[in-house]
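Reminder, nothing fancy here: chain letters follow the sequence lines and each chain counts from 1.
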Number of protein chains: 2
Amino acid sequence: LRTLTLFFFLAAATRAQDIPALPPLMPMPAHIAMGQGLLKIDASFRVKLTGYTDQRLRRGVSRMLVTLTRRTGILFTSEPTPSAETAALVISCDHADKPLQLNEDESYRFDVTPSAIYLKAAQPVGALHGLETFLQLVAPGPDGFDVPAVSIEDKPRFAWRGLMLDSARHFMPIENVERTLDGMAAVKFNVFHWHLSDNQGFRVESRVFPRLQTVGSGGQFYTQAQVRSIVAYAADRGIRVIPEFDIPGHTTAMLVAYPSLATDPPPVEIDHLFGVFDPAIDPTKPGVYLFLDKFIGEMAQLFPDTYFHIGGDEFNGKVWRESLRVQQFKQAHGFLPTVADPDGNTALHAYFNTRLEAILRKHGKRMEGWDEILAPGLPKDIVIQSWRGQKSLSDAVHRGYQGILSFGWYLDLIQSAQDHYLVDPLDKDAAALTPDEQTRILGGEAAMWTEWVTPETIDSRIWPRAAAIAERLWSPKEIHDVRDMYRRMEAVSRDLEFIGLRHRSWQTLMLQRLAGTGDIENLRTFAEMLEPVKNYDREEFGPATTITPLIHLVDAVPPESQAARNFAADVQAAISSDAQARDRARTQLLSWQRGIDGLPTLLEHNALVSGIEPLRNHARELNRVAIDALDALQSGKKLDKKWRAHSLEVLKASGTTYDALSICTQQSIGLLIDAVSS
Amino acid sequence: LRTLTLFFFLAAATRAQDIPALPPLMPMPAHIAMGQGLLKIDASFRVKLTGYTDQRLRRGVSRMLVTLTRRTGILFTSEPTPSAETAALVISCDHADKPLQLNEDESYRFDVTPSAIYLKAAQPVGALHGLETFLQLVAPGPDGFDVPAVSIEDKPRFAWRGLMLDSARHFMPIENVERTLDGMAAVKFNVFHWHLSDNQGFRVESRVFPRLQTVGSGGQFYTQAQVRSIVAYAADRGIRVIPEFDIPGHTTAMLVAYPSLATDPPPVEIDHLFGVFDPAIDPTKPGVYLFLDKFIGEMAQLFPDTYFHIGGDEFNGKVWRESLRVQQFKQAHGFLPTVADPDGNTALHAYFNTRLEAILRKHGKRMEGWDEILAPGLPKDIVIQSWRGQKSLSDAVHRGYQGILSFGWYLDLIQSAQDHYLVDPLDKDAAALTPDEQTRILGGEAAMWTEWVTPETIDSRIWPRAAAIAERLWSPKEIHDVRDMYRRMEAVSRDLEFIGLRHRSWQTLMLQRLAGTGDIENLRTFAEMLEPVKNYDREEFGPATTITPLIHLVDAVPPESQAARNFAADVQAAISSDAQARDRARTQLLSWQRGIDGLPTLLEHNALVSGIEPLRNHARELNRVAIDALDALQSGKKLDKKWRAHSLEVLKASGTTYDALSICTQQSIGLLIDAVSS
């Protein structure tokens, strides 16, 4: 083996662009060394299990072989063969898992020689991770499919690597949940945080309190059998499932079902709009704690993981402030106004959480909640999930709590993979913590809130960007080269479609819907210049409801345009006198112009896309400016003030958003304008 | 209503190209008249059932609403509302169906006004067809989705409109079968002919003879519950299911399971290769008829349709000729050699079929079989399926039998939709039959044999071409404008993806598999110049087996290139001095050249596609010739003999096939060469 540690590779890569790239693994392993040669993968490929083995590992191997068949088209025997003498992949585990525990040993070692592959792990869960690494290494080569000779030692940086899915605002059918879990396993996420109740719906069948689903779900809920099946499906993939039932706010659906749990006035119907609403559970009613005891008792059986998420976020306190009953309760319990807590609600919320925590503990659960649950008196083994940021997180950790980060990883905000990738749970305020304190930062979770997605579009909002977050949570902190991340994320993105994710293929049907009988290629080309507006800006284009059709061009456009990203790189290189990059940029601009010119017949007769007409005009003008600038770069001439003034006007106009879409080449073209202005 | 019969439209269309096209319906209705205005389809859309109604119709309406939601993104109430006063679609049926009968009344009448839609049918099956017509009319328009005002009177030309699926050579999972039925319903096919046994496998669970599946299927078979579910699934969509168990030849799988049924020597293992093999059932053994009686008795319960297909095709007779036992039997029964039947096998086969027919009749079934089963003495109510052509078909019909046509409609031969579309059961020899005789030609069936397809690729081989055959069987004979057919087939093709067919989206994953980490767009562009070889030519590139990976570029290329078809039309127009068409043709050629030039890095390191290297070179040369020719057309110059000689050489060389692919622009470019040669 030609030993080459990742660190050296990265150091070298900054000096020379032409070093052969490492295989497109994501998350990148902790240590990788490329060898010489490769191992061919053909129909003779067999897997042998040695050492400790169990049914979960066997199923994992079968699943890997099914994926390998999809990826290669070769029909593999889908059973591991314990006795095969000629196995190409030999798996050995030392001992059994203690499944679903935080801090399992997830490490593995993976060695490919030209004659065999050895995958070693302490426990099956590590072997499962190694199988995903193996799948990412298989590629077509000069002699059919192969894996390169390589030596990998790998283990995660953080023990808690999660993805939160909101099944409340838009219900997500079981098949969506399953394929989300498939994607998670592929990039070594190990926690599925399932947001199961909110103002818009309560999503789990309760047999103890059936009105939760009969009244509170609008008919859209998971049966207990489905929940069990998902928990097992996740466990098979090394993923813990942590349910979230958000209380005391975000509870309209629960309270419509059981109004007696509410502080008056109880809500009368589940919400179809989104936002922070007033209804809340009433912490002064003894019946509430009886309800929670029974309800949590039931759910504790359904969700075997130790942790249980009670939400606790974004409660506006209005009904508590205005209720005479609550005011009296506060007085009786001494929850008196202070400067920090002018209405005593914070103290009352803490009281509620303390009682809630005791109920959870009774049922064998540890509490998890958002930043707002933190209050004196809660035991130190709870977990704080921070949507507020590293400061809030490190405050909690400094006080002795455990925490995970979600700030910076809200996938619904449509930020770039780069933005998410460069967030680190141990940066900012958390960097000042002691090493011992830092160990209480368990990891983090990407969060997929579902105001603006449907089962059709959600894959494109989770993937592939979530893979960048998965890498941040698994790989060494030093791995942060953005360009290489994008190269590898592209490969992962492609592979995810083979296991059933639809984040790429969804676009075609959406464009066809918009285009009617028209051709979609021009629309697809034009769409490469566009990105959805970011953060919460989409709300400015009209409110979403749970039943608003999300079928506009913005819904058919990925969060990031790969073409625009490549264009930006070419523009920067072109400005630094790279003639090939300049030619590529021009070719791209001409392609976009062709797409734009091909559009009019589509726009004329179709209300679904007619709103993008102004964007098209801005884009066309902007591309003309860019082509002028590239011509000037080529000839070495500077362009005059008049041209610059016109171009800046075009540039400014092209910053306007329409139908929740913006032109995403604007910044690059601004650089071009500057580069050729005299 | 502006009355306009289809006949007049077609007549007019031949005179003027610019008449507004009819909506992209397929099959085109018997009578259609466009009105003024349109009806908007929004979330308020409701369906009302009046007159006779039943559960099947209700389910059909629910299914239509689900499809409508997929197509529009609007969430519709998925239940018909019998009481809705404000329904936009009012369905009324006169009376119940007699389900699964040949010659049901499938007619319907469909009227759209700007305020409501009326769908009237004699029976629910007609209403189901009308719902499919409705779905084809919904399109995005100036005010959201709408349907145009229209008046349609429709009924099928033929009562038997089938698609045969071979689940024996390559087993097709249930989800493939279901989506095939979905596609069939969309274009009004009404017979699903299921080829369930052949040399490579026996595909249905038998409880009476379980070795059929345990030994004869390689583990790939449908359980009885699955079969019942498919039969119900089809019936819900107005589709009869006719099973085919092919005997006495094509029986290796059955005879490996039950060797005592075979004429010696029995086969010892099921075939993995394809072809016509020797093993056959032995018609001289009494046990064979006992077996068939029990087996057919069991299957007759599973498949409720009156007709039962016994295959009977392609028996080579070898084992019968060589068996002493069979020779003695022939002598004993007087099956003596004649000029037409030199070995007496034809007479023996007729004897076998006569006994088989009696068994079928005992179990309430009428016999159906391929051309070869026809023999004197069989009752006239059997159905002959002709793979041999209109002559064989009309011979059978002339002798008093009923028949259906499959010749010309073998989808596995990768012919063009046009080729299939222009086949007519009543053409050629059948045209000479008396009108009374012609009524015994019940219709026809497209046939999908599965030597060269897998569950992954089969959709692309069935669809959208089968839609052209569906139209031939449903619509009036006079509707045969090929260009308009392609326009409408393109719309149907798009819609089929919305109901779950993968004939378009399959390509992306296949190209990604081939491309590894490379970009697929250049490969996709180049592939537009290619088509799979036709007829049985693929066999020349190596034998298929049941386990050969079908993952090469040929498997990722549709049977017909739409881009090449458009190019051919542009070339013809360009030769007739259409400057716009000439520019389009040039743009297309430049796009292909860009794709070709982008390919090399892909080809160098990848054995899966390296075989197309020579094609790429031929294509590049050929495109250069074509660009020369277009330039000459534009300048009005003729090109010299030397150019012509060179061009013809390039043209000839580009006719060579590689990796079962051929360049499909060759003919158009030949015309160009001629047009500009001096």
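In this structure, chain A has heavy atoms under 4.5 Å from both the backbone and the side chain of B/Pro140. Looking at B/Leu75, the atoms closer than 4.5 Å to chain A (heavy atoms on both sides) all sit in the side chain, from C-beta outward. Looking at A/Arg488, there are no atoms closer than 4.5 Å to chain B (heavy atoms on both sides), in backbone or side chain. The contact between A/Thr546 and chain B is made entirely by backbone atoms, counting heavy-atom distances below 4.5 Å.
Listed options B/Ser591, B/Gly141, B/Ala491 were ranked by heavy-atom pairs under 4.5 angstrom with chain A; first place goes to B/Gly141. The candidate from B/Arg71, B/Glu497, B/Glu456 with the greatest count of non-hydrogen atom pairs under 4.5 Å with chain A is B/Arg71.
Taking CD of B/Gln512 as the start and CG of A/Asp495 as the end, the distance is 8.5 Å to the nearest 0.5 Å. In this structure, the separation between OG1 on A/Thr548 and CD1 on B/Ile74 is 11.5 Å, given to the nearest 0.5 Å. Distance CD/A/Gln562 to CG/B/Asp519: 7.5 Å, rounded to 0.5 Å. Note that the OG1 atom of A/Thr72 and the CG atom of B/Leu608 stand 9.5 Å from one another [nearest 0.5 Å]. The CZ atom of A/Arg594 sits 7.5 Å away from atom OG1 of B/Thr587, with the distance rounded to the nearest 0.5 Å.
Residues A/Ala607 and B/Gly144 share a closest heavy-atom pair of CB-N, 3.4 Å.
Residue A/Glu175 places its CD atom among more than 12 non-hydrogen atoms of other residues, nucleotides or ligands, all under 6.0 Å distant. Residue B/Ile547 qualifies as open at atom CD1: its count of foreign heavy atoms under 6.0 Å is 12 or below.
Panel note: side chain A/Arg494, backbone B/Arg513; no donor-acceptor pair is recorded below 3.5 Å.
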Exercise for the section: List the steps and the verdict of side chain to side chain contact (heavy atoms under 4.5 Å, CB included) for B/Thr508 and A/Arg504. Expected result: CA-CA 10 Å; B/Thr508 300; A/Arg504 292 182 162 209; 6.0 Å; no
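With sequence neighbours excluded, no residue forms a ring-ring contact (aromatic ring centres under 6.0 Å, His included) with B/Phe145. Considering only residues two or more places apart in sequence or on other chains, A/Ala581 meets the side-chain contact (heavy atoms from CB on, under 4.5 Å) condition with A/Asp570, A/Ala573, A/Asp578, A/Arg584.
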